[in-house]
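Here the structure is a predicted model, which means the values were calculated and not measured.
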Amino acid sequence: MDRFSSTNGAFCISPLPGNGQVAVTHNAFIKRGHRGQGKGHDLKLQQLILLEKEHYNYTICTVRADNEPQRKVLIKHGYKLLDSFISEQTDARTELWGRQV
């Protein structure tokens, strides 16, 4: 797992066990004082550049279905909704998103 940060926030990238060409992106967040200013789009773009540089072919992530700002970032950057389920940990709908790098 690699953790990346910027002045706006941070995220992690891990290879999918059993298939190192698929990246699992996780623990993404935007610092509170930077939210609502388009910084999520900047961070996602930084993430996609790193994924390409590291030669990943595909990336997946999960997001709570009620996290509309994150869903908008994913849609803008070409991610597709793959599936959804109710998380036993949070009792909330969780969505699985993915895209080619």
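Looking at residues two or more places apart in sequence or on another chain, you find no side-chain hydrogen bond (donor to acceptor under 3.5 Å, both in side chains) involving T7. Partners of T62 according to the side chain to side chain contact (heavy atoms under 4.5 Å, CB included) rule, which considers only residues two or more places apart in sequence or in another chain, are T94, L96. Evaluation of the ring-ring contact (aromatic ring centres under 6.0 Å, His included) rule for F85 yields no partner, not counting sequence neighbours. Residues satisfying the side-chain hydrogen bond (donor to acceptor under 3.5 Å, both in side chains) criterion with Q21, sequence neighbours excluded, are N57. Listed by chain and number, the residues in a side chain to side chain contact (heavy atoms under 4.5 Å, CB included) with Q100 are Y58 (sequence neighbours excluded). For the side chain to side chain contact (heavy atoms under 4.5 Å, CB included) test, residues two or more places apart in sequence or in another chain that qualify with K31 are F29, H34. Residues passing the side-chain hydrogen bond (donor to acceptor under 3.5 Å, both in side chains) test with S5: none are found, sequence neighbours excluded. A search for side-chain hydrogen bond (donor to acceptor under 3.5 Å, both in side chains) contacts involving Q89 returns nothing, not counting sequence neighbours. Listed by chain and number, the residues in a ring-ring contact (aromatic ring centres under 6.0 Å, His included) with H26 amount to none (sequence neighbours excluded). The side chain to side chain contact (heavy atoms under 4.5 Å, CB included) test applied to D66 returns R64, not counting sequence neighbours. For F11, the ring-ring contact (aromatic ring centres under 6.0 Å, His included) partners are F4, not counting sequence neighbours.
The 12-atom threshold is not exceeded at CG of D91, counting heavy atoms of other residues, nucleotides or ligands nearer than 6.0 Å. Open room surrounds CD on E88; 12 or fewer heavy atoms of other groups in view lie less than 6.0 Å from it.
The two residues W97 and L82 come nearest to each other via the heavy atoms C-CD1, 3.9 Å. Closest of all the heavy-atom pairs between Y56 and G20 is CE2-O, 3.2 Å. The heavy-atom pair separating A65 from R71 by the smallest distance is O-CD, 3.2 Å. Minimum heavy-atom separation, R3 to A10: NH2-CB, 3.7 Å.
I75 and V73 end up in different hydrophobic clusters when Ile, Leu, Val, Met, Phe, Trp and Tyr side chains are linked at under 4.5 Å. At a threshold of 4.5 Å between side-chain heavy atoms, the hydrophobic network of Ile, Leu, Val, Met, Phe, Trp and Tyr places L74 and L50 in one connected group.
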Indicate every side-chain donor-acceptor pair of residues 40-48 with a distance under 3.5 Å to a residue at least two apart or in another chain.
residue : atom : partner : partner atom : Å
H41     : ND1  : H77     : NE2          : 3.3
K44     : NZ   : Q47     : OE1          : 2.7

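How far CG of N67 is from NZ of K72: 11.0 Å, rounded to the nearest 0.5 Å.
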### Task
Apply the test side-chain contact (heavy atoms from CB on, under 4.5 Å) to residues T25 and L51: give CA-CA distance (whole Å), side-chain angles for both, the deciding distance (0.1 Å), then the verdict.
CA-CA 9 Å; T25 56; L51 290 169; 4.2 Å; yes
### Message
What verdict does the side-chain contact (heavy atoms from CB on, under 4.5 Å) test give for Q37 and I30, after you've listed the backbone C-alpha separation in whole Å, the side-chain angles of each residue and the deciding distance to 0.1 Å?
### Response
CA-CA 10 Å; Q37 302 172 27; I30 298 297; over 6 Å; no
